[in-house]
Structures are given as C-alpha cells and as structure tokens.
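As the structure is a prediction and not an experimental result, all values here were calculated from the model. Chain A is the first sequence line, chain B the second, and so forth, proteins listed ahead of strands; every chain is numbered from 1.
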4 protein chains.
Amino acid sequence: MAQDAQRPAERAKRLPRAVREKQILDAAVRVFSLHGYHSASMDEISDVAGVSKPMIYSYLGAKEDLFLHCIRREANRMLEAVQAGIRPDVPPDMQLWHGLRAFYGFVASHRESWVVLHRHAITVGGPFADEITDLRGKAIKLVGGLVVSAGARKGLAEQVEFSGEGLAAALVGAAESLADWWLDHTDVPDGVLASWLMNLAWLGFNDLVEGQLWRPREHDGEHGADQA
Amino acid sequence: MAQDAQRPAERAKRLPRAVREKQILDAAVRVFSLHGYHSASMDEISDVAGVSKPMIYSYLGAKEDLFLHCIRREANRMLEAVQAGIRPDVPPDMQLWHGLRAFYGFVASHRESWVVLHRHAITVGGPFADEITDLRGKAIKLVGGLVVSAGARKGLAEQVEFSGEGLAAALVGAAESLADWWLDHTDVPDGVLASWLMNLAWLGFNDLVEGQLWRPREHDGEHGADQA
Amino acid sequence: MAQDAQRPAERAKRLPRAVREKQILDAAVRVFSLHGYHSASMDEISDVAGVSKPMIYSYLGAKEDLFLHCIRREANRMLEAVQAGIRPDVPPDMQLWHGLRAFYGFVASHRESWVVLHRHAITVGGPFADEITDLRGKAIKLVGGLVVSAGARKGLAEQVEFSGEGLAAALVGAAESLADWWLDHTDVPDGVLASWLMNLAWLGFNDLVEGQLWRPREHDGEHGADQA
Amino acid sequence: MAQDAQRPAERAKRLPRAVREKQILDAAVRVFSLHGYHSASMDEISDVAGVSKPMIYSYLGAKEDLFLHCIRREANRMLEAVQAGIRPDVPPDMQLWHGLRAFYGFVASHRESWVVLHRHAITVGGPFADEITDLRGKAIKLVGGLVVSAGARKGLAEQVEFSGEGLAAALVGAAESLADWWLDHTDVPDGVLASWLMNLAWLGFNDLVEGQLWRPREHDGEHGADQA
DNA sequence: GATGAATGAGATTTCATTCAT
DNA sequence: AATGAATGAAATCTCATTCAT
C-alpha cells in the first residue's frame with residue numbers, strides 16, 4: 001500500500017529540464033505561429049507540448065516571457081542560418097545572392113519560425129516592444145549588412161541619403177510579397193523567383209527594360225547558384 | 001463656462017446615424033491601430049467614440065464586422081489617394097514616382113490607417129485575409145500596369161522569363177515593408193522614402209553602388225532614367 | 001417649406017388605437033409562440049407588427065404586460081370556441097364528443113394561440129404565476145366541466161375520490177400526445193384520432209379489449225360527429 | 001465553532017472531478033427547474049453548486065450542454081425508476097398499475113427532475129427536442145408493450161381500427177399531463193393520481209359514471225378488471 | 001518533478017426600456 | 001401619434017494564472 005502510494009505517476013516521465021523546455025518552446029512556436037500571440041492559449045500550448053501548464057510557468061514563465069523566449073530562439077536560428085550561408089570572399093552581388101538564398105531557404109524550412117517573427121512579433125508591441133524592435137532590428141540589419149558591405153566597397157555608405165536598413169526592409173518585403181504571389185502561380189520554379197528578385201535588386205527596371213539580365217556565376221566550384 | 005451652459009443636453013444628443021457611424025469608425029481605427037484586433041476592446045472603442053456599446057453593435061455589427069468596416073474604409077481611402085496622385089500623361093518612371101509619393105504621403109498623414117491595414121489586418125487573418133488580398137491585388141494591378149507599359153516600350157514583354165505581375169508584386173511588397181520600417185524610424189521624411197524605393201526599383205544596387213542616382217524631373221514628355 | 005416640415009411622415013399612418021393594438025397583439029402572439037416568452041424580443045415583435053417599440057410600450061405596456069394581454073385574449077378565444085361547440089341538450093358522451101371536437105378544431109386553426117397558452121404560459125411562472133394559473137385553470141375547467149356534468153347525472157361528482165379537473169388535464173394531455181404521435185403517422189385520418197380518444201376516454205381499455213366500440217350517433221340531424 | 005476551525009481549507013478544496021460534476025448537475029437541475037432554461041443564469045447555478053463558473057464550463061460545457069446533461073441524467077433516472085417498478089409476472093392491468101405508481105412516485109420524490117423534463121425541456125425546443133422525443137418514445141414503447149399484450153389476449157390486435165402504439169401515446173400524454181396538473185395541486189397523494197388514471201384508462205368514463213371502480217388486487221395470476 | 005483542480009477578472013454581445021423630436 | 005436614437009444592466013463564456021497534492 002505504501003509502495004502503491006509512492007510510485008510516481010506512470011505517464012509523467014521525469015525528463016531533464018532542457019528536454020522539457022525544448023518541447024514547450026517547439027509547441028509554443030507552433031501555436032503562436034498558428035493563432036498569433038493573443039489568440040494562442042496557454043491551454044493549447046500545454047496540450048501540444050504534452051506538458052502541464054504549471055510546468056510551463058515554472059520553466060519559462062508567464063505568457064509574455066514564453067513569447068519572448070520563442071522569438072529569441074527563432075531569431076537566433078534565422079540569423080545563424082543566414083550568416084552561415086554567406087561567403088565573405090566573393091563579389092558583393094554574389095554575397096547578396098547567397099544571403100537571399102539562405103534567407104529563402106530558412107523561411108521555406110522554418111515557416112513557423114518566420115511567421116512568428118515577422119507576422120506576429122511585430123504586431124504585439126506593448127509590453128515588450130523594445131525587445132521585439134531590437135530583435136527585429138538585428139534580423140534586418142543582417143540583410144542590411146550585405147547591402148551596406150556591398151555598397152561600402154563602392155562608396156554607397158557615404159551617400160548618407162541611403163539607409164542600408166531601410167533598403168533591406170524593402171528587399172525583405174519584396175521577397176515576401178513575391179512568395180505570396182507565388183502561391184497563385186505555382187508553375188514558376190523557385191530558382192526563378194530568387195533570380196527575379198536578384199535582378200530587380202541588382203539591375204533595376206531601367207536595366208531590365210534594356211534587356212540586361214543578372215545571372216549567378218560559378219565563382220569557385222563550390223555550392224550555390226545552380227538554378228536553371 | 002458660458003458655452004458649457006449653452007449646450008442643450010450634456011449627453012445623448014440625437015445625432016443622425018451617419019455622423020455616429022463616422023465617430024465610431026474613427027474611434028475604432030484609432031483603437032485597433034493602437035492595440036491590434038484582439039487586444040482592442042469594444043469598451044475602449046465605445047469610450048473613444050463617445051458612444052455606448054449597443055450603438056456600435058446596432059450600427060456596425062459585431063467586432064469582426066466593425067473591423068471589416070474599418071479595413072474597407074481605410075483601404076478605399078488609400079487606393080483613392082494613390083490613384084489621385086498618379087498622372088497618366090507622364091512617362092512610366094514618373095508615374096511610378098508619383099504613385100510612390102502619394103503612397104508614402106498617405107502613410108505619413110494616416111499613420112493609423114496604415115497600421116491597421118498592414119500590421120494588424122494581416123496578422124489576424126481569417127475573415128480579413130480576403131479583404132487584404134483584395135487590396136494588395138488592386139495595388140499590384142496598378143503597379144503592374146506601369147511596369148508593363150514601361151517594359152512594352154523597350155520590349156521587355158517579349159522576355160518570357162519575366163512577369164510584369166510578379167515584379168509588381170515584389171515592388172508592392174517592398175513599398176509596404178519600407179512603410180512598415182518607417183513606423184519605427186519616423187525621422188526620415190516621406191519624400192526620401194519614395195526616393196529610396198524609386199532608386200532601388202529603377203536603377204538597382206548595381207547602379208547605386210556605382211554612385212548613380214535617379215531623380216525626378218520636371219515633366220517634359222520624355223521618359224526617365226536618363227543616366228543609364 | 002413650412003408645409004414640408006409639417007407634413008406628417010408618410011409611412012406612419014395614423015391608425016385608431018384599437019387597430020394598432022390588434023396588430024401588436026397578433027404579432028406578439030406569433031413571436032411568443034415561436035420563441036417562447038424569454039427568447040422573444042421586443043424588437044422582433046415590433047418588426048412583425050410593423051410598429052415602433054415606443055408604441056408598444058405606450059399601448060400595451062412592458063413585456064410582461066404584453067404577454068399577459070396575449071394570453072388573456074387567446075384564452076378567451078379558446079374558451080368561447082369550445083363553449084360554442086357544446087350542445088347542452090344531448091347525452092353526456094355526445095357533449096364530451098362535441099367538446100373534444102371543438103377543442104381540436106380550435107387548436108388546429110389557432111395553433112399559435114394554443115402554443116402560447118399551453119407551452120409557454122405555463123413555463124414562465126415567476127412574476128405573473130397567479131394570473132397564468134388562473135387562466136389555465138379556467139381553460140381546463142371548461143373541459144373539466146364536461147366531465148363533471150356528465151358525471152353529475154350519474155353520481156360521479158359524489159365520488160370525492162375523483163377530480164374533474166384532474167381528469168380533464170389527463171384528457172388534454174392524451175389529446176396532445178396523440179396529436180404529436182400523429183405527426184409521424186399522417187396516414188391516419190383526423191376523425192379516427194378523435195374517435196380513438198373518445199373510445200379510450202369513454203369505454204376504457206377493458207371494454208376495448210372486449211371488442212366494444214363507441215361511435216358518435218346522429219342525434220337530431222344537426223352538425224358534428226360525422227366522421228367515417 | 002470547533003468544527004469550523006478544523007476545516008482544512010475554507011474554499012477551493014480539491015475534490016475529484018466526479019464529485020464536482022454531481023454537485024454541478026444537482027445545482028443545475030434545481031435552478032433550471034426553478035426558472036426555466038432561459039432565465040436560469042450560470043451565475044446562479046455556480047453559486048448554488050458552490051463552484052466557480054469556469055469549472056462548470058470545463059466539466060460540463062456551455063449552458064446548452066449543461067442542460068442536455070441534466071435532461072439525460074433525469075430522464076434515465078426516471079426511466080429506471082419506472083422500469084424497476086414494473087413486475088413482469090403479473091397481469092397487464094397490474095403491470096400498468098405498477099408502472100403508473102412508480103411514475104407518480106418518482107415525480108413525487110423528484111419534483112425538480114420532472115419540472116425540468118416536462119415543463120422546461122419541452123418549451124425550449126431546439127437542441128433538446130430530440131432528447132425529449134427520445135424519452136417519450138421509450139415511455140410509449142414501454143406502455144405500448146403492455147397495451148398490446150393486454151389486447152393480444154382478447155383479440156384487439158385484429159381490430160385494425162386501433163393502434164396499440166397510438167393508444168400508448170395517448171396514455172403517456174395523459175399521465176404526463178396529469179403529473180403536470182399535480183404540480184399545482186400538491187394536496188393529492190400520488191397513489192390517488194395513479195388510481196385516477198388507471199380507472200380512466202381501464203374502465204373509461206362510461207363505466208366510471210355508472211359507479212364502477214377499478215382497484216388493484218393482490219397478485220393471483222388472474223388478469224384484472226373483474227367488475228366489467 | 002509534475003499535475004488536476006480551481007478561480008478572478010474581463011471579453012463580447014443582447015435586450016428591455018426610455019428620451020428627444 | 002409616432003419614431004429613430006440611445007443606453008444601463010446583465011448574460012454567456014474564456015483565459016492566464018495559481019494552489020494543493
């Protein structure tokens with residue numbers, strides 16, 4: 001009898017904290033990406049995570065904290081992915097090209113992360129606006145960095161009239177919007193999309209209408225830029 | 001004080017329906033833009049509007065309907081502002097330029113409208129997605145017209161590798177995203193934004209890093225980008 | 001201009017009070033019968049009546065009063081209908097028969113009245129329980145009266161063990177339940193239903209299983225009791 | 001006082017779910033029976049149950065579901081009580097008699113259950129109509145069995161003019177209606193009610209007014225109604 | 001470590017009713 | 001006589017959060 005009472009509950013395995021935290025964060029990212037911050041409920045998160053609510057509160061704090069943890073983790077993942085894709089030893093246009101491809105790749109394979117970061121984190125504001133702005137700034141700055149570094153070699157940075165960050169935001173928006181447009185035009189291959197964007201960004205309409213085209217070159221036999 | 005005494009009835013003045021509806025919509029746009037759809041409360045909207053909640057429900061329906069009314073009104077306002085800004089008798093690049101100026105002018109003077117349309121309506125999804133898709137579709141068609149007409153003059157239309165509509169989608173996304181970025185960088189004047197985007201779209205990074213710049217000209221019947 | 005202002009509203013005809021009251025009561029009975037007292041809304045009643053709500057309040061008072069007016073009017077109608085159907089100069093079984101037919105006839109042609117009286121008035125209770133009980137009692141007493149008067153001739157009234165009212169309630173319930181059953185067995189003609197009930201009530205199972213049957217007789221060449 | 005001090009926690013004792021569900025259902029039946037479905041408020045139910053509203057929603061669902069749970073529980077209770085009262089080894093009239101006694105016994109001791117089932121569930125209609133139709137159907141089948149078996153012995157089944165099921169429906173309705181009448185005439189003992197109905201059903205008015213009476217006998221293997 | 005049980009607070013929505021014209 | 005305009009009050013339901021075990 002005493003033994004009976006002391007036997008720990010069978011289905012509640014004692015997992016190390018790190019594992020539980022990952023379960024919870026994964027579930028939270030999924031639920032936040034589906035419903036947004038406000039509509040996501042702690043109940044659903046705990047269900048999806050397979051963990052009771054008190055555990056969430058004990059490990060990751062209240063809803064706000066949990067959301068913060070989510071966006072921090074996903075933002076870091078994205079930054080790392082993009083940084084890993086960039087080769088510093090290639091010409092600026094190829095750097096931009098690689099960055100864009102890495103970015104697209106991340107978004108494609110981590111759609112939920114991207115939705116949380118881009119769609120929802122921006123909207124919430126309020127209690128942790130600063131944090132969000134910071135994170136978002138970092139993300140945009142990364143892409144912006146490419147622009148700036150590309151420009152730096154040629155003196156664009158000195159043209160105070162331009163903001164690398166602003167242009168990066170524009171580029172990201174263009175990429176997104178094109179992705180949306182893609183949903184209704186699935187016959188276009190994905191490499192073509194990236195190529196369009198690169199052409200638009202690199203050459204501009206003016207050159208395009210003149211018949212010019214930008215195409216990725218093999219630079220040293222390594223990966224990347226192999227679309228038709 | 002004398003004025004105070006002259007007011008016929010301190011509250012419950014019987015105003016015609018149209019007036020109340022405007023009051024309510026104005027308040028709703030403000031509150032939605034501040035807190036987002038979910039966090040905005042009907043209580044706050046009714047307070048700001050100076051009208052009791054039952055009036056809102058009676059005139060504009062439930063929260064969802066109210067939000068829809070807001071989106072539609074603001075979308076129409078924005079489209080009208082942009083369309084009014086475009087002059088059909090100038091070269092394509094100048095048309096695009098005017099459109100962009102009108103767009104950023106609108107965002108500058110109707111910040112709340114833009115926040116509701118772009119930040120919040122997109123996030124909530126569901127019943128509002130169609131409305132936003134519509135709006136964006138109209139914008140894309142508008143820009144697409146310019147792109148195609150610009151390209152037609154130079155034979156771009158024959159380059160099957162490119163889609164005017166796809167490029168327009170990208171351009172619209174870029175404009176939106178830049179407007180969004182602007183919300184957190186209010187020190188930049190609106191004309192500058194339009195100029196950035198115009199340079200990016202028309203010249204491309206390639207030309208920009210070479211130090212070229214696109215600048216609006218006085219209308220003289222010629223087409224733009226005369227430094228290529 | 002002065003004439004313009006003074007012209008009475010075109011669609012709000014000045015009808016005499018009695019007409020308006022009838023419109024309102026008719027609408028109220030319909031709406032109450034459809035949704036019950038609590039779910040019926042004054043808005044719907046005013047819509048159906050084609051009369052504005054303030055008129056209802058001015059003519060027939062608040063919701064409770066309105067409901068009272070309804071059940072009073074309908075109860076009186078029913079009582080009158082049943083009383084008119086009964087011939088005092090025929091044998092007791094024929095009196096009961098005529099009463100039942102008159103009652104059925106009323107329910108069939110005034111379904112809404114009956115629903116309000118039987119289904120809804122009973123349920124509400126609360127503020128006007130007494131009034132309702134009274135009215136209901138009157139109605140049941142009428143049928144009960146037939147039973148009692150039939151019994152009086154033969155001494156049933158002296159058997160204190162029986163309550164005419166109680167038996168009447170049972171009869172009404174039987175009639176109703178049979179009517180419900182009828183909905184799923186529409187091939188049975190209505191005269192047969194009344195006949196069953198009469199047989200059950202008059203002869204009882206005991207006689208029925210012995211093969212006896214009660215049938216209405218022509219008593220003096222007048223109407224009634226002519227079913228197959 | 002000493003007891004007061006000994007109570008471990010004045011509120012929020014963690015009771016197992018089953019206990020709370022019973023508390024809630026009991027309270028709900030009481031409150032629904034008092035005010036009817038629409039006027040009953042979840043607040044009052046939660047007060048009477050001594051449980052907060054969220055528990056109700058979590059355990060038994062929204063108001064509709066709660067009401068359904070009530071109906072189902074009480075209907076089952078009633079059916080079980082009646083079925084338990086019927087002895088299969090006695091003549092049909094005695095079976096009917098026992099069933100009626102059990103029914104009125106149940107109504108007497110579970111007035112609230114009956115009020116909910118008969119007065120309120122019927123009135124509201126909509127999602128509850130099926131449930132009530134079901135209950136009545138079961139009751140009709142039960143009684144129908146008796147009627148048919150009584151008739152079979154005497155050849156009633158061959159009289160195509162009659163339907164055992166139809167008569168059973170009428171009888172069930174009579175029993176219900178009499179029980180309802182009883183609610184306003186509580187001075188009559190329940191055995192008397194059963195006796196009235198039994199006399200009406202078995203002997204019919206015709207015999208009653210002649211002074212005959214049906215009375216239960218000790219079971220002796222013979223069938224009933226021996227004064228016809 | 002882990003959770004079922006429990007709730008305060010606040011959201012949306014509806015309705016009977018009255019005022020001003 | 002007649003009504004559009006207006007609202008206080010209350011109903012249902014949900015959710016983030018914590019306690020007791």
Expressed in angstrom and rounded to an integer, what is the separation of [X] atom [atom1] from [N] atom [atom2]?
X       : N      : atom1 : atom2 : result
C/Phe67 : E/dC15 : CZ    : P     : 17 Å
D/Leu15 : F/dT21 : CG    : P     : 11 Å
B/Arg17 : F/dA6  : CZ    : C1'   : 13 Å
B/Asp65 : E/dT12 : CG    : P     : 14 Å
A/Met55 : E/dG4  : CE    : C1'   : 14 Å
B/Tyr59 : E/dT13 : OH    : P     : 19 Å
C/Ile45 : E/dT14 : CD1   : P     : 18 Å
C/Asp47 : F/dG4  : CG    : C1'   : 13 Å

(request) Verify the contact: side-chain N or O of A/Arg20 to OP1 or OP2 of E/dG1, cut-off strictly under 4.0 Å; return yes or no. (result) no

(message) List the residues meeting salt bridge (Lys or Arg N to Asp or Glu O under 4.0 Å) with B/Glu44, not counting sequence neighbours, and say none if there are none.
(response) none

(request) Quick one, give me the B/S/- string for nucleotides 9-15 of chain F, reading 5' to 3', where B means a protein heavy atom under 4.0 Å from the base and S means that only happens at the primed atoms, P, OP1 or OP2. (result) ---BBBB

(request) Measure from the side chain of D/Val51, starting at C-beta and using heavy atoms only, and say which of E/dT7, F/dT7, E/dA2 lies closest. (result) E/dT7

(request) Could you tell me which residues satisfy ring pair (Phe, Tyr, Trp, His ring centres under 6.0 Å) with C/His35, sequence neighbours excluded, listed by chain and number? (result) none

(message) List the residues meeting ring pair (Phe, Tyr, Trp, His ring centres under 6.0 Å) with D/Tyr57, not counting sequence neighbours, and say none if there are none.
(response) none

(request) Return the set of residues passing side chain to side chain donor-acceptor pair (under 3.5 Å) with A/Ser113 (not counting sequence neighbours), or none when no residue passes. (result) A/Glu74

(message) Going by side chain to side chain donor-acceptor pair (under 3.5 Å), name the residues that satisfy it together with D/Ser46, two or more places apart in sequence or in a different chain.
(response) none

(message) So for the helix from E/dA2-F/dT21 to E/dT21-F/dA2, with five pairs setting each end axis, what is the inter-axis angle to 10°?
(response) 20°

(request) Taking the side chain as every heavy atom from C-beta outward, state whether C/Tyr37 and D/Thr123 have any atom pair closer than 4.5 Å. (result) no

(message) Quick one, A/Leu66 and A/Met42 - any side-chain contact, counting heavy atoms below 4.5 Å?
(response) yes

(message) On DNA chain E, does the nearest nucleotide to A/Ser58 precede the nearest nucleotide to D/Ser52 from the 5' side, or the other way round? Give the residue.
(response) A/Ser58

(message) Please list all pairs meeting side chain to side chain donor-acceptor pair (under 3.5 Å) that have one or both residues in residues 58-70 of chain D, counting only residues at least two apart or in different chains.
(response) none

When the side chains of residues 22-34 of chain D are checked against the rest of the protein, which donor-acceptor pairs come out under 3.5 Å, sequence neighbours left out?
| from | atom 1 | to | atom 2 | distance (Å) |
| --- | --- | --- | --- | --- |
| D/Lys22 | NZ | D/Asp26 | OD2 | 2.5 |
| D/Gln23 | OE1 | D/Arg20 | NH1 | 2.9 |
| D/Asp26 | OD1 | D/Arg73 | NH1 | 3.1 |
| D/Asp26 | OD1 | D/Arg73 | NH2 | 2.7 |
| D/Arg30 | NE | D/Glu112 | OE2 | 3.0 |
| D/Ser33 | OG | D/Arg30 | O | 2.9 |

